[in-house]
Amino acid sequence: MTIGNRSYEPGEFEARIYQFWLDRGVFEAQDESDRPPFCIVIPPPNITGALHMGHALTATIQDTIVRYHRMLGENTLWLPGSDHAGIATQMVVERALAREGTNRHALGREKFVERVWEWRRQYGSRITEQHKALGVSVDWRRERFTMDEGLSRAVREVFVRLWEDGLIYRAERLIHWCPRCRTALSDLEVVHAETKGELWSFAYPLADGSGEIVVATTRPETMLGDTAVAVHPDDERYRDRIGRQIKHPLLDRTFPIIGDAILVDPKFGTGAVKVTPAHDPNDFECGRRHGLAFLRTLDEDARITAVGGPFAGLDREAAREAVKERLTGLGLFRGAKEHLHAVGRCQRCETVVEPLLSTQWFVRMQPLAEPAIAAVRDGRTVILPEMWTKTYFHWLEGIQDWCISRQLWWGHRIPAWYCACGETVVARTAPERCPKCGGADLRQDEDVLDTWFSSALWPFSTLGWPEPTPALRTFYPTSVMETGFDILFFWVARMMMMGLRMTGDVPFRKVVLHGMVLDAQGRKMSKTRGNAVDPLEVTAKYGTDALRFTLASYSAQGQSMKLDPKRIEGYRFFCNKIWNAVRFMESALKDDPVPPVPDRCRDLGNTWILHRLDETTAAVRAALDGFRLDEACAALYSFTWHELCDWYIEWTKPALYERDPASAALRDETRAVLRHAVETTLRLLHPVIPFLTEELWQEALRPAGSADAVLASAPYPTVRADRRDPEAAARFQILRDLVGTVRAVRAEYNIPPATRLGARIVRVPEAADTLAWLLAPEILVRTGNLCGADFDTVTPDADLAGHAIGVAGKLPVAVPLAGIVDVAAERVRHDKELLKVGKEIEGLEKRLANREFLDKAPAEVVEEMRERLRHAQDRRAQVAEAIKRLSQLV
RNA sequence: AGGCGCGUAGCUCAGUGGGAGAGCACUACCUUGACACGGUAGGGGUCGGCGGUUCAAUCCCGCCCGCGCCUACCA
């Protein structure tokens with residue numbers, strides 16, 4: 001149980017510490033407990049995934065929050081799990097089959113699904129294992145998978161209930177179809193990207209040979225499915241053409257010219273629009289309005305169907321060229337121009353998505369959206385940062401029905417059966433007979449559900465729903481949902497809707513959204529670009545704690561954060577600093593018993609650090625309560641480094657090294673406070689940097705005789721108002737100023753640290769209060785030690801010729817420079833100072849001369865300005881005096 | 001097209017209606033007995049531009065410029 005001379009090597013202990021926590025069951029939550037519950041369900045990563053910075057970020061934020069609440073003594077559950085990722089996983093296994101020269105159709109559905117399960121068993125927990133390296137304090141006993149029996153049951157239950165309530169329906173609609181994945185997609189799974197295209201114009205000849213009508217299109221091949229040309233009914237140019245027929249130039253059919261005020265903007269292009277009702281959402285609506293024919297000209301592979309006559313069998317690209325060539329050959333081409341438009345691509349494979357007429361299952365969203373809007377509006381669920389609330393409302397208010405069926409084999413099969421009699425049966429378990437005709441010829445729907453359908457149930461399905469389990473009772477609604485803003489619609493909103501509908505309550509009290517991790521140049525990290533930073537490489541190089549501290553510090557940034565390796569390195573140095581501070585403490589304490597911290601300290605430094613420790617505790621707790629991890633980190637970093645290490649530890653050294661028995665009381669008090677301050681700081685830091693703090697605590701701070709004590713479940717420091725002492729803080733600040741003043745003089749003249757300086761405090765009457773305590777030998781000597789000076793005092797009328805003068809608070813300090821001074825350099829320093837003070841005085845005087853300022857500004861502000869002015873004027877006088885004295889030095 | 005957000009030191013970013021901050025980088029000095037993964041001191045900014053409100057604006061309001069993201073069916 002000692003750090004000794006070990007240097008900070010995070011790789012040496014991180015895995016060991018993680019196992020240590022597991023062995024002690026530190027992460028395990030109780031189903032029933034008197035303690036208040038705190039619960040986060042993890043956003044389940046895809047089983048096909050590999051850990052990236054986004055995972056590391058979300059894991060760090062959640063783990064920090066969870067560890068904080070665990071240390072607050074709450075019954076804390078962080079529930080882990082993963083997602084079956086329908087399309088992605090099926091693709092992975094299909095690729096493997098392709099390598100073996102076979103495919104899923106050759107294998108058959110049952111064998112294929114078994115094959116996917118096998119893949120899942122073999123490779124599907126990679127990302128889960130990787131998470132352990134980050135230190136995630138999840139309750140592994142409760143790990144869930146969306147395809148588990150329990151969760152699958154929840155999926156069927158929800159499907160049936162929604163069906164029974166009329167919120168799920170099956171219909172033929174124009175949906176997004178990915179010809180590569182060969183499945184329908186929801187609107188959200190289509191990403192639109194501005195693409196340079198071509199607006200290609202051609203003429204449709206009128207059937208009676210009386211002329212032509214010119215239309216423009218970005219997709220000429222769709223003309224094979226045109227069943228109308230629409231014009232605006234009020235458009236003078238075309239009004240008389242409405243109702244006349246067009247002769248399809250490539251196919252043996254005719255179709256009408258119609259008037260449609262909704263579809264047509266007469267100011268765009270020629271004012272005439274070709275209408276392809278089976279392949280364009282607007283045209284689909286138009287087709288319905290006018291009873292047009294719906295001709296499907298593309299099949300599931302995006303090849304031209306028989307409807308396309310001579311073009312049948314061509315894929316859409318080839319068909320486009322062929323149609324253009326043919327129309328040009330017929331002399332119907334009427335020009336082309338570059339055109340910018342948004343092309344939809346499959347989120348998974350980036351294939352251009354095809355609007356296709358197809359029979360699919362849908363969820364009616366509006367009745368679900370309304371309660372989800374209300375729950376956020378009335379504050380049952382709070383979204384942070386608040387700005388996302390508007391986005392949430394905006395999307396839900398304009399929500400479209402959700403296409404939930406996917407033409408895949410891997411996923412939750414839709415619990416619907418079709419009877420030969422035409423009846424559709426939706427049931428929790430496979431029906432044996434048709435309830436309508438009694439027939440047994442029932443065939444289950446081939447399709448599976450969108451993966452997000454099961455994800456939407458995650459906060460309650462993982463806790464045992466629909467069973468009224470103790471865990472569900474204890475932890476639902478969960479406390480916090482922490483995830484990336486990019487899945488606000490995909491996931492968060494859908495969980496809200498499903499949670500409210502199925503349980504009657506919100507799924508979580510707070511939604512905390514974080515941004516995207518970008519590389520140092522601000523580009524999205526991607527494997528193909530090769531700029532993805534592997535979190536595990538980072539942790540190997542800098543340690544997990546350094547990465548965690550970095551991510552937590554960055555996490556305030558709403559939309560994106562540029563991950564700079566230099567910053568991770570900087571926090572590794574911070575970890576090293578902490579490590580060495582504990583080493584110092586350990587060596588200072590030795591094995592001698594350390595007394596308890598007294599109610600009141602007699603040493604100024606001890607009083608001060610307890611004061612600052614308490615202020616820091618309050619600040620960190622407030623920041624963590626408000627999910628401002630960046631603020632918590634900033635407070636912890638500056639306190640630990642710049643106060644605990646830079647000032648307090650340096651301050652304690654004489655007291656700790658002093659062997660004089662007369663100061664034994666001081667030494668004991670200092671040992672007690674040092675230990676307490678370091679120990680409390682480790683507890684404050686633990687949620688963010690758990691490995692380092694646990695290792696140090698176990699080795700150097702765990703109380704003797706409590707072999708089982710674990711920092712991870714130790715109580716989080718509480719605010720101790722009785723340890724506040726603003727007066728001590730102010731006094732210690734004067735010491736810091738005093739030291740700073742002497743150090744500045746030293747640096748200014750390049751006086752080596754080894755040269756002991758004299759320093760004379762001028763006993764000015766204004767500073768009588770300060771002098772009363774300051775001049776105590778134990779204070780003055782130790783202050784002098786911090787800047788290599790021996791303090792003495794002089795009266796204000798003393799001759800300070802040849803001294804450099806600095807000011808600490810109200811206190812002038814004179815450093816005799818005879819023999820070590822470059823007069824010219826000191827002159828420059830003083831002139832600069834004079835200029836600066838002069839400017840400040842000018843500004844303040846101007847403000848104080850302003851009648852309106854005096855009348856309207858609050859009295860305390862005016863008084864503050866007056867005080868500042870007095871101060872600046874004193875300062876100017878002192879500097880002027882210093883210049884005078886300096887000139888006497890030569 | 002609409003919505004949201006951003007523009008603060010060389011870089012990455014906090015922040016506030018009354019004295020411009022941090023980290024990194026930079027400069028000078030220092031192997032002082034926790035730590036050179038360190039210490040001390042220091043340089044550097046018209047807080048995007050223009051107006052307005054106010055005694056007072058980097059902060060509130062309007063407009064403009066630049067950038068990013070999201071939503072959207074314009075052929």
Side-chain angles (χ1 to χ4, degrees), chain A residues 3 5 7-8 174 187 192 199 201 215-219 222 230 263-265 268-276 280-285 339 341-342 344 355 385 387-388 390-391 394-395 398 485-486 488-489 515-516 518 520 522 542 546 553-554 556-564 566-567 569-588 628 630-631 634 637-638 642 645-646 649-650 653 657 739-740 743-748 750-754 785 787-788 840 843-844 847 850-858 860-862 864-865 868 872:
Chain A
I3 305 291
N5 283 326
S7 57
Y8 175 53
L174 203 62
D187 298 349
H192 293 274
L199 193 61
S201 300
V215 295
T217 179
T218 54
R219 304 193 52 191
T222 61
L263 182 68
V264 183
D265 171 8
F268 187 92
T270 59
V273 186
K274 60 188 277 309
V275 184
T276 324
D280 179 279
N282 292 315
D283 295 4
F284 178 81
E285 294 302 326
H339 182 68
H341 61 138
M387 64 167 173
W388 293 111
K390 216 168 171 176
T391 309
H394 185 255
W395 186 71
F485 72 83
D486 53 317
L488 179 60
F489 306 146
M516 311 285 287
L518 308 176
Y542 300 108
S553 297
Y554 270 119
Q557 292 160 45
Q559 295 233 340
S560 62
M561 54 203 81
K562 296 179 196 171
L563 188 66
D564 184 353
K566 290 297 286 179
R567 192 144 167 193
E569 186 187 35
Y571 290 129
R572 147 131 209 174
F573 295 162
F574 177 58
C575 290
N576 184 63
K577 187 80 180 173
I578 296 166
W579 182 273
N580 283 294
V582 177
R583 275 183 59 204
F584 167 79
M585 181 212 71
E586 188 183 70
S587 70
R628 288 299 304 264
D630 62 316
E631 283 181 2
Y637 183 94
S638 68
H642 298 307
C645 292
D646 286 351
I649 284 183
E650 294 308 319
K653 283 177 181 175
Y657 293 146
V739 170
R743 282 174 176 170
V745 170
R746 185 189 291 281
E748 205 67 44
N750 280 330
I751 303 167
N785 277 335
C787 52
E840 196 184 345
L844 288 165
R847 217 191 293 198
N850 185 344
R851 194 68 253 164
E852 284 191 290
F853 172 70
L854 297 175
D855 290 347
K856 294 183 184 171
E860 63 268 26
V861 172
V862 176
E864 197 192 325
M865 295 301 152
R868 243 157 64 193

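From a predicted model like this one, the values you see are computed outputs, not experimental measurements. Labels below follow one simple rule: chain letters A, B, ... track the order of the sequence lines, proteins then strands, and each chain is numbered from 1.
Comparing G21(B) with U58(B), their P atoms are spaced 15 Å from each other, to the whole Å. One C1' atom belongs to G38(B), the other to C4(B), and the distance between them is 45 Å to the nearest Å. Taking atom P in both U53(B) and A72(B), the straight-line distance is 42 Å, to the nearest Å. Using C1' as the reference atom, A9(B) and G15(B) are 15 Å apart when rounded to the nearest Å. Between U8(B) and C59(B), the two P atoms lie 14 Å apart (nearest whole Å). For G43(B) and C29(B), the C1' atoms lie 15 Å apart once the distance is rounded to whole Å. A57(B) and G68(B) are spaced 27 Å apart, taking the C1' atom of each and rounding to whole Å. With C1' as the reference atom, C60(B) and U16(B) are 12 Å apart, rounded to whole Å.
A 3.5 Å limit on both hydrogen-bonding distances identifies G52(B) as the Watson-Crick or G-U partner of C60(B). Across the strands present, A22(B) finds its partner in U12(B); the criterion is a Watson-Crick or G-U wobble pair with both atom distances under 3.5 angstrom. When both distances must be under 3.5 Å, the Watson-Crick or G-U wobble mate of G68(B) is C4(B). With a 3.5 Å ceiling on both atom-pair distances, the Watson-Crick or G-U wobble partner of U40(B) is A28(B).
Checking A34(B), G19(B), C73(B) against every side-chain atom of Arg847(A), the shortest atom distance belongs to G19(B). Checking C73(B), A34(B), G18(B) against every side-chain atom of Ala857(A), the shortest atom distance belongs to G18(B). Taking the side chain of Asp265(A) as heavy atoms from C-beta on, and the options A34(B), G19(B), C74(B), the nearest nucleotide is C74(B). For Ile649(A), the listed nucleotide lying nearest its side chain is A34(B); candidates were C70(B), G19(B), A34(B). The Arg743(A) side chain lies nearest to U40(B) when the options are U40(B), G18(B), A34(B). Picking from A34(B), C24(B), C55(B) the nucleotide with the shortest atom distance to the side chain of Asn580(A) gives A34(B). With C4(B), A34(B), C74(B) as the candidates, the nucleotide lying closest to the side chain of Lys390(A) is C4(B). In this structure, the nucleotide among C37(B), G18(B), C70(B) sitting nearest to the side chain of Arg572(A) is C37(B). Comparing U12(B), A34(B), C37(B) by their closest approach to the side chain of Arg583(A) singles out A34(B).
Met387(A) places its CE atom 12 Å from the C1' atom of G68(B), with the value rounded to the nearest Å. One atom, CD of Glu650(A), and another, C1' of A34(B), lie 9 Å apart when rounded to the nearest Å. Rounded to a whole Å, the NE2 atom of His394(A) is 9 Å from the P atom of A72(B). As a whole-Å value, the separation of Leu563(A) CG from U12(B) P is 14 Å. Glu285(A) has its CD atom 12 Å from the P atom of C73(B), to the nearest Å. Protein atom NZ of Lys562(A) is 10 Å distant from nucleotide atom P of C11(B), rounded to whole Å. Atom CZ of Phe584(A) and atom P of C37(B) are 21 Å apart (whole Å). Between Tyr637(A) atom OH and U12(B) atom C1' there is a gap of 14 Å when expressed in whole angstrom units.
No side-chain heavy atom of Tyr8(A) sits under 4.5 Å from any side-chain heavy atom of Asn580(A). Using a 4.5 Å heavy-atom threshold, the side chains of Pro281(A) and Leu174(A) count as touching. The shortest distance between side-chain heavy atoms of His341(A) and Leu199(A) does not fall below 4.5 Å. The closest side-chain heavy-atom distance from Val861(A) to Phe853(A) is below 4.5 Å. Counting heavy atoms from C-beta on, the side chains of Asp280(A) and Thr222(A) never come closer than 4.5 Å. A 4.5 Å side-chain heavy-atom check between Met516(A) and Phe485(A) finds at least one atom pair inside the cut-off.
For A34(B), one of the phosphate oxygens OP1 or OP2 lies less than 4.0 angstrom from a side-chain nitrogen or oxygen of Tyr657(A). For A34(B), the OP1/OP2 oxygens have a side-chain nitrogen or oxygen of Lys653(A) closer than 4.0 Å. A close approach under 4.0 Å does not occur between any side-chain nitrogen or oxygen of Arg628(A) and OP1 or OP2 of A14(B). Close to G19(B), at under 4.0 Å from its OP1 or OP2, lies a side-chain N or O of Arg868(A). At least one side-chain nitrogen or oxygen of His642(A) sits closer than 4.0 Å to the OP1 or OP2 atom of G23(B).
Within the 4.0 angstrom heavy-atom criterion, no nucleotide atom of any strand lies near Glu860(A). Across all strands shown, Cys645(A) has heavy atoms under 4.0 Å from base atoms, whether or not it also approaches the sugar-phosphate. In this structure, Pro858(A) reaches the bases: a heavy-atom distance under 4.0 Å links it to at least one base atom across the strands shown. As judged by a 4.0 angstrom heavy-atom cut-off over every strand, Asn850(A) is placed among residues touching the sugar-phosphate backbone only. Note on Leu854(A): nothing from the nucleic acid sits closer than 4.0 angstrom, heavy atoms only. At the heavy-atom level, Met585(A) lies nowhere under 4.0 Å from the strands shown. Across all strands shown, Ala634(A) has no heavy atoms under 4.0 Å from either base or sugar-phosphate atoms. Among the heavy atoms of the strands lying under 4.0 Å from His339(A) are primed sugar atoms or P, OP1, OP2 only; no base atom is included. If you check every strand for non-hydrogen atoms under 4.0 Å, Asp646(A) touches sugar and phosphate atoms only. Within 4.0 Å (heavy atoms only), Phe574(A) reaches no atom of the nucleic acid at all.
A cation-pi arrangement, defined by a distance under 6.0 Å to the six-membered ring centre and an angle within 45 degrees of its axis, is absent between Lys577(A) and Tyr637(A).
The closest donor-acceptor contact from the side chain of Arg746(A) to the backbone of Cys787(A) lies under 3.5 Å.
For C37(B), its base never sits under 3.5 Å from the side chain of Lys577(A) at any donor and acceptor pair.
In this structure, Asp187(A) and Lys566(A) both approach RNA chain B, and ranking their closest nucleotides by distance from the 5' end singles out Lys566(A). Nearest-nucleotide assignment on RNA chain B puts the 5′-proximal partner with Asp630(A), out of Asp630(A) and Tyr571(A).
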Trace of the side chain to side chain donor-acceptor pair (under 3.5 Å) decision for Asn850(A) with Arg847(A): CA-CA 5 Å; Asn850(A) 185 344; Arg847(A) 217 191 293 198; over 6 Å; no
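Salt bridge Glu569(A)/Arg572(A): absent, no basic N to carboxylate O contact under 4.0 Å.
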